[in-house]
Trainee: 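My questions all concern the structure below.
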Amino acid sequence: MPSQPDRRFWLFKSEPEVFSIDHLAGCPSQTTFWDGVRNYQARNMLRDEVRVGDGVLFYHSNAEPLAIVGLARVVRAGYPDHTAWDPESAHPDPKSTPEKPIWSMVDIALETRFAQPVERTTLARTKGLEKMLLLQRGSRLSIQPVTSEEWRIVLKLAGRGA
DNA sequence: GCCAACGTTGGC
DNA sequence: GCCAACGTTGGC
């Protein structure tokens, strides 16, 4: 893979009962929009910082096992989350309208489902991941920045080291 | 602008 | 099921 100095890395959390990596694998072109983020800090990252080509660690929360289950790639940068003004959607927000959208989303495409998910317990005892946001007590952000070093370590744990 | 009450997230 | 952490709401 050619080096991409500007590439950033992220971790996207999802409850697999709601949307799992298998759901993503079943989407047309294994691509979907990442809707339903209703937290301003996460929204700001989706809207302002996440770019096409960025790498995504797909994490299953509230699940057994808790684990990073694969990789995705950002294929469309931030744009309005239209599910917000759909009253039938899972996360309606009547304050958001097509004229004045509040929430943002990006599109991601599946890259890999790990044959062996990288479990949270493994992450927790891996040197170099001590500061990983996911592992911080009380960290609830559903969109988290990941450093290039953390990305490298996680891929290595998944058997996909460079 | 403060802050108590409340709701949600999410690991354990 | 418990509960700590955190965000939001709303009275004042």
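In the text below, chain A, chain B and the rest are named by the order of the sequence lines, each starting its count at 1.
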Trainee: Should A:Tyr59 be listed as having a side-chain N or O under 4.0 Å from OP1 or OP2 of B:dT9?
Mentor: no

Trainee: Output the rounded distance in Å from CG (A:Leu133) to P (B:dG10).
Mentor: 12 Å

Trainee: Grab the CG-P distance between A:Leu123 and B:dC12 for me, whole Å please.
Mentor: 11 Å

Trainee: Which of these nucleotides, C:dG7, B:dG11, C:dT9, is closest to any side-chain atom of A:Asn62?
Mentor: B:dG11

Trainee: Please tell me which of the listed nucleotides, B:dC12, C:dC6, C:dT9, lies nearest to the side chain of A:Arg140?
Mentor: C:dC6

Trainee: Using the benzene-type ring in the case of Trp, are the ring centres of A:Tyr79 and A:Trp103 under 6.0 Å apart?
Mentor: no

Trainee: Roughly, in whole Å, what's the span from CH2 in A:Trp103 to C1' in C:dG7?
Mentor: 10 Å

Trainee: Measure from the side-chain N and O atoms of A:Arg43 to the backbone N and O of A:Ile102, and report whether any donor-acceptor pair falls under 3.5 Å.
Mentor: yes

Trainee: Keeping A:Arg8 on the side-chain end and A:Glu49 on the backbone end, is there a donor-acceptor pair under 3.5 Å?
Mentor: yes

Trainee: Using whole Å, what does the distance between atom C1' of nucleotide B:dT9 and atom CD of A:Gln136 come to?
Mentor: 17 Å

Trainee: Taking the minimum atom-to-atom distance to the side chain of A:Leu66, which one of B:dG10, C:dT8, B:dG11 wins?
Mentor: B:dG11

Trainee: Tell me: CG of A:Asp93 to C1' of C:dT8, nearest whole Å?
Mentor: 12 Å

Trainee: Tell me whether the side-chain N/O atoms of A:Arg137 come closer than 4.0 Å to OP1 or OP2 in C:dC6.
Mentor: no

Trainee: In whole angstrom, what separates A:Leu141's CG from C:dC6's C1'?
Mentor: 10 Å

Trainee: Say whether A:Val37 and A:Ile108 are linked into one hydrophobic cluster, either directly or through other cluster members, by side-chain heavy-atom distances under 4.5 angstrom.
Mentor: yes

Trainee: Calculate the interatomic distance between A:Arg43 atom CZ and C:dT8 atom C1'; express it in whole Å.
Mentor: 15 Å

Trainee: Using atom CG of A:Leu134 as one end and atom P of B:dC12 as the other, report the distance to the nearest whole Å.
Mentor: 10 Å

